[in-house]
Amino acid sequence: MRSRETCALCGSAERQGLFDVDGYPIARCRSCTLVQVDVDLERRELEQIYDEDYFRSEVFHDYIGEREVRVAAAAEATQTLARMVPDGRLLDVGCAAGFFLEAASRVYDVTGIELSAFASEYARRELGLRVITGDVTDGALAGEDFDVITLWNTVEHVTDPLEALEAVARLSRPGSLLVLSTGDVSGPLARRNLREWNLMSPPYHLFFFSPRTIELLLAKTGFQLRRIVYDGVVATAGLLARSAARRIATVAGVGNVMTVYAVRGESAPASAPRRLAARYRPLRFVPRVSGRGASRERAVPDLHSRQHPRPAEREAIAAVFASRAESRRARGAR
């Protein structure tokens, strides 16, 4: 681990030190405003962080044991994607144990890439998925391209988000859909107390984006921002923490976690009016490829949430497992 010489996004050497969290210095770039952990972590350090303990005790009490809940959320997210891109190849970058891919495999030809040796091995062994152990920048998928690429709560974990998105761009074709989710450092919870923000958690989270910096990242790597959907979380207690308030905040374009939709093609310079439009553009107008009708305006489920599934989600997960079981029986009968 060594001190960061320049901003990971814009290359400026001018940064404002903010505070330390668990011994990690946090700084804001004076040029582009990206908030970042002001040290460079090496690949081997990340591989040590994301071992089996990360998924079983350190961060998640029992990530593997929450499979049913997570696949339910993934099924709903897949339905949203399918309204924009009805079929094709999908790559999930930072796919963990493959629970999103399990749900998405009903619609897409899926591939995943995951740094954790433990999680990627689980996805291959237990779910039979095509998951590569490594980083998207390694070049293991060179020569392939995908219609949809997702990074669910991943971009804040990588050591170099610009390099990662450049690698993603090489794996997409013109018109491909990119979807990523990450915390909004300019959102209400972060503004209230950035040091105590629930997503301020180095060394797991290394970068803290706002709509402005995420659009700059997209523009630098050949993607055009099309839509931002928020989770509607603006408080952790009181009236504003209730589900009705969250729904209103989502419609208003406010929240703690943002899901960002972008399209590969001619990127436009970052601009405040474009970011504002992205908060309210209907999802059916996001892609430049054919979809299957209009999308409902709702927040995409947080795939790292610990909440239990709603009845509709339980039905979706039941359908996933029933479909997979039927496929296995059919293969066994051949």
Side-chain angles (χ1 to χ4, degrees), residues 73-95 98-113 130 136 141 143-155 158 161-162 164-182 209 211 214-231 253 257-268 270 274-275 277-303:
E76 187 173 340
T78 300
Q79 291 171 9
T80 299
L81 296 180
R83 294 186 185 101
M84 293 179 279
V85 183
D87 52 32
R89 302 190 69 205
L90 179 145
L91 172 66
D92 188 22
V93 178
C95 67
F99 298 148
F100 169 70
L101 291 175
E102 182 176 12
S105 65
R106 292 183 299 160
V107 178
Y108 301 104
D109 176 10
V110 301
T111 297
I113 188 160
R130 184 196 183 208
V136 70
L141 295 171
E144 299 190 41
D145 54 41
F146 297 86
D147 303 285
V148 182
I149 300 181
T150 56
L151 294 89
W152 302 112
N153 302 298
T154 293
V155 69
V158 302
L162 191 59
L165 264 290
E166 287 172 345
V168 166
R170 290 192 292 271
L171 296 172
S172 61
R173 57 173 69 102
S176 291
L177 179 67
L178 170 68
V179 185
L180 65 86
S181 58
T182 190
F209 293 92
I214 207 73
E215 186 186 22
L216 179 58
L217 175 63
L218 294 170
K220 280 178 168 286
T221 53
F223 291 95
Q224 184 178 126
L225 173 66
R226 299 291 292 164
R227 182 70 164 103
I228 301 175
V229 179
Y230 280 92
D231 64 355
V257 174
M258 53 183 174
T259 299
V260 178
Y261 298 82
V263 173
R264 181 80 168 95
E266 294 183 5
S267 58
R274 187 172 291 107
R275 290 191 296 275
R279 291 176 185 249
Y280 307 108
R281 178 179 291 114
L283 283 175
R284 64 180 177 274
F285 296 136
V286 167
R288 293 175 180 170
V289 295
S290 298
R292 287 179 176 171
S295 300
R296 292 175 58 192
E297 287 301 301
R298 59 183 176 184
V300 173
D302 183 353
L303 301 186

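Numbering of residues begins at 1 and proceeds along the displayed sequence. Computed over heavy atoms, backbone and side chain alike; hydrogens, waters and symmetry mates excluded.
- What you find for Val107 and Pro86 is that their closest heavy atoms are CG1-O, 3.4 Å.
- The structure places CD1 of Ile228 at 6.0 Å from CE of Met258, a figure rounded to the nearest 0.5 Å.
- Rounded to the nearest 0.5 angstrom, Tyr261 OH and Ser181 OG are separated by 9.0 Å.
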Between Tyr108 and Asp147, does the side chain to side chain contact (heavy atoms under 4.5 Å, CB included) criterion hold? Intermediate values first, please.
CA-CA 9 Å; Tyr108 301 104; Asp147 303 285; over 6 Å; no

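- Not counting sequence neighbours, the partners of Arg130 by the salt bridge (Lys or Arg N to Asp or Glu O under 4.0 Å) test are Glu144.
- Remark: the backbone N or O of Arg173 is not paired with any side-chain donor or acceptor of Asp145 at under 3.5 angstrom.
- Remark: Phe209 CZ to Leu217 CG distance equals 5.5 Å, nearest 0.5 Å.
- The shortest distance between side-chain heavy atoms of Leu180 and Phe223 does not fall below 4.5 Å.
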Step-by-step side chain to side chain contact (heavy atoms under 4.5 Å, CB included) determination, Leu178 to Leu165:
CA-CA 10 Å; Leu178 170 68; Leu165 264 290; 3.6 Å; yes

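- In this structure, Thr154 contributes its side chain and Trp152 its backbone to a donor-acceptor pair below 3.5 Å.
- Glu166 is linked by a side chain to side chain donor-acceptor pair (under 3.5 Å) to nothing, counting only residues two or more places apart in sequence or in another chain.
- Counting heavy atoms from C-beta on, the side chains of Lys220 and Leu162 come closer than 4.5 Å.
- When all heavy atoms are compared, the tightest approach of Ala75 to Ala103 is N-CB, 3.6 Å.
- Atom CG of Leu151 sits about 12.0 Å away from atom OG1 of Thr259, to the nearest 0.5 Å.
- What you find for Glu102 and Ser105 is that their closest heavy atoms are O-OG, 2.7 Å.
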Could you walk me through whether Val168 and Leu171 satisfy the side chain to side chain contact (heavy atoms under 4.5 Å, CB included) test, starting with their C-alpha distance in whole Å, then the side-chain angles of each, then the deciding distance to 0.1 Å, before giving a yes or no?
CA-CA 5 Å; Val168 166; Leu171 296 172; 5.8 Å; no

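- A side-chain donor-acceptor contact under 3.5 Å links Arg264 to the backbone of Ala169.
- Counting heavy atoms from C-beta on, the side chains of Gln224 and Leu218 never come closer than 4.5 Å.
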Run Phe285 and Arg227 through side chain to side chain contact (heavy atoms under 4.5 Å, CB included) and show every step you take.
CA-CA 9 Å; Phe285 296 136; Arg227 182 70 164 103; over 6 Å; no

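- Atoms CG and CE, from Leu177 and Met84 in turn, are 5.5 Å apart once rounded to the nearest 0.5 Å.
- For the residue pair Leu101 and Thr111, the shortest heavy atom distance occurs at CD2-O, 3.6 Å.
- Evaluation of the side-chain contact (heavy atoms from CB on, under 4.5 Å) rule for Arg275 yields Pro211, Arg212, Glu215, Leu225, Ala270, Ala272 as partners, not counting sequence neighbours.
- Here the side chains of Thr150 and Leu81 are in contact, with some heavy-atom distance below 4.5 Å.
- Minimum interatomic distance between Val158 and Ala164 (heavy atoms only, all atoms of both residues): CG2-CB, 4.3 Å.
- At a threshold of 4.5 Å between non-hydrogen side-chain atoms, the residues Val93 and Ile149 count as touching.
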